[in-house]
Amino acid sequence: MAQEKTLLAMCRHAPYGHTIAREGLEAVLACAAMDQVPEVLFINDGVLQLLEQNPKTIGEKNLRRNLQALPMFGVETLHVCRRSLEERGISLDNIDVPGAALALVDNPGPYIAGFDQVLSF
Amino acid sequence: MQFTLVVYGAPHASEGANTALRFARAVLASGHGIYRVFFYGDGVHNGSALVAPPQDEQDLLSQWQDLKIAHNLDLTLCIAAAQRRGVLNDSEASRLEKPSGNMADGFELAGLGQLAEAAAVSDRIVTFGS
Amino acid sequence: MTLHIVSQSPFSGSALKDCLSAFADGDALLLIEDAVYAAKGQTITQLKGKSVYCLEPDAVARGISIDPAIEAIDETRWVSLCTEHNPIVSWFR
């Protein structure tokens with residue numbers, strides 16, 4: 001399917017407190033697999049998805065596996081809100097998603113406004 | 001214009017499904033089209049035939065079904081989200097060896113590709129949260 | 001420009017604050033569901049200078065009188081706001 005519209009997936013939620021974080025990444029992968037490759041913005045608590053995690057302690061699958069699949073589906077750059085990182089005391093040095101480049105977004109308003117469609121997760 | 005509505009709210013739990021219905025009616029009354037209503041996350045419970053609200057409360061399921069009949073709406077439940085939450089049609093129930101299906105008439109189970117496709121062809125996507 | 005739709009009370013979560021941190025010049029804000037509690041009281045000061053709308057049935061349902069600085073709208077006007085703006089972004093929890 002031709003990609004006629006620019007698509008942004010906005011991930012705003014922390015990884016394990018609500019399924020929306022996992023289901024958001026699943027939707028991103030599904031869109032990318034359908035050649036509707038979205039840009040992905042991690043903002044607010046969504047930036048917490050980028051941290052190293054060990055959810056074996058709570059019997060959950062590691063959400064980072066979904067993250068690491070993104071580059072294989074053509075989502076090679078992960079956009080990250082700078083202010084959201086700073087508010088949570090996270091530096092870029094703490095973040096490594098193999099295969100993906102990270103791009104800091106200083107001004108999310110104009111960034112978001114540049115898309116045709118936005119999916120909020 | 002063609003709209004796609006994405007519904008995350010379970011019926012009679014959060015307000016999102018009720019708001020989505022009101023918005024859907026306004027879209028149609030304004031002469032626009034609804035390409036698809038995609039139920040995701042807890043929104044898949046909107047497609048459960050077993051939801052039984054008290055008689056003096058509104059019945060969101062029959063409202064979705066009435067709207068579907070009147071406007072030939074596409075009401076799609078995400079199959080992955082629906083399986084997680086126990087909303088299955090008869091063939092999925094039998095394939096997964098569950099006692100019975102419970103999906104309401106008027107709804108379809110489909111993959112997330114249907115959300116991607118709707119994003120590609122709709123003019124507007126509006127998300128109704130949980 | 002973007003139409004931001006917020007549905008969470010400003011007193012119970014960060015959705016409105018997060019939305020305002022991602023607000024561009026020319027964007028519009030629509031308050032629905034529990035976000036109508038932002039349509040009166042001190043929260044108003046955060047909304048000054050922006051195009052702000054409030055879904056009137058949701059406010060009436062809750063007994064909230066909408067501040068005159070905010071435009072009260074019905075569902076039909078909501079639909080036309082959606083046709084006038086792109087993209088549409090929901091902030092719900």
Side-chain angles (χ1 to χ4, degrees), chain A residues 1-41 43-46 49 55 59-61 63 65-67 69-70 72-75 112-121, chain B residues 1-10 13-17 19-20 23 27 32-47 76-87 108-130:
Chain A
M1 203 188 323
Q3 180 149 7
E4 296 163 19
K5 302 229 159 51
T6 55
L7 184 60
L8 174 68
M10 206 171 73
C11 299
R12 289 187 55 238
H13 293 91
Y16 301 103
H18 194 282
T19 337
I20 192 166
R22 177 175 304 283
E23 293 190 323
L25 291 181
E26 287 176 358
V28 169
L29 291 170
C31 288
M34 292 275 293
D35 295 328
Q36 305 299 312
V37 181
E39 286 196 18
V40 183
L41 172 65
I43 187 170
N44 311 137
D45 275 355
Q49 296 180 28
E60 291 283 348
K61 279 198 303 191
L63 195 69
R65 269 193 271 169
N66 300 48
L67 269 187
L70 293 175
M72 289 179 263
F73 284 81
V75 183
I112 291 167
F115 290 88
D116 294 320
Q117 316 274 32
V118 177
L119 297 169
S120 322
F121 300 108
Chain B
M1 245 181 209
Q2 290 294 319
F3 284 73
T4 284
L5 280 54
V6 182
V7 179
Y8 291 148
S14 66
E15 196 178 359
T19 307
F23 183 78
V27 167
H32 300 292
I34 294 181
Y35 184 74
R36 176 165 295 138
V37 184
F38 190 82
F39 296 90
Y40 198 39
D42 290 345
V44 298
H45 290 297
N46 284 279
T76 297
L77 309 179
C78 170
I79 189 165
Q83 286 174 349
R84 278 192 181 117
R85 291 166 177 83
V87 181
E108 310 274 346
L109 284 176
L112 275 164
Q114 296 298 301
L115 176 61
E117 193 244 354
V121 304
S122 303
D123 300 300
R124 296 289 187 273
I125 292 187
V126 185
T127 300
F128 296 85
S130 56

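Chain naming here is simple, since letters A, B, ... match the order of the sequence lines and numbering starts at 1 in each. For the numbers below, each heavy atom of this structure counts, side chains included, while hydrogens, waters and symmetry mates do not.
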A.B. asks: At their closest point, which heavy atom of A/His18 faces which heavy atom of B/Ser130, and how far apart are they?
C.D. replies: NE2-OG, 4.3 Å

A.B. asks: Heavy atoms under 4.5 Å from chain B: which residues of residues 25-36 of chain A carry them?
C.D. replies: A/Glu26, A/Ala27, A/Ala30, A/Cys31, A/Met34, A/Gln36

A.B. asks: Just verifying a value: how many Å separate A/Phe121 CZ and B/Tyr8 OH, rounded to the nearest 0.5 Å?
C.D. replies: 4.0 Å

A.B. asks: Roughly how far, to the nearest 0.5 Å, is the CD1 atom of B/Ile125 from the CG atom of A/Leu119?
C.D. replies: 5.0 Å

A.B. asks: Start with the C-alpha gap between A/Glu23 and B/Arg85, add the side-chain angles, then the distance that decides, and say whether salt bridge (Lys or Arg N to Asp or Glu O under 4.0 Å) holds.
C.D. replies: CA-CA 13 Å; A/Glu23 293 190 323; B/Arg85 291 166 177 83; 2.9 Å; yes

A.B. asks: Measure the spacing between OG1 of B/Thr127 and CE of A/Met10 and express it to the nearest 0.5 Å.
C.D. replies: 9.0 Å

A.B. asks: Spell out, as yes or no, whether a donor-acceptor pair under 3.5 Å connects the side chain of A/Lys5 to the backbone of B/Asp123.
C.D. replies: no

A.B. asks: Quick check on B/Arg124 against chain A: is it the side chain, the backbone, both or neither that has a heavy atom closer than 4.5 Å?
C.D. replies: backbone

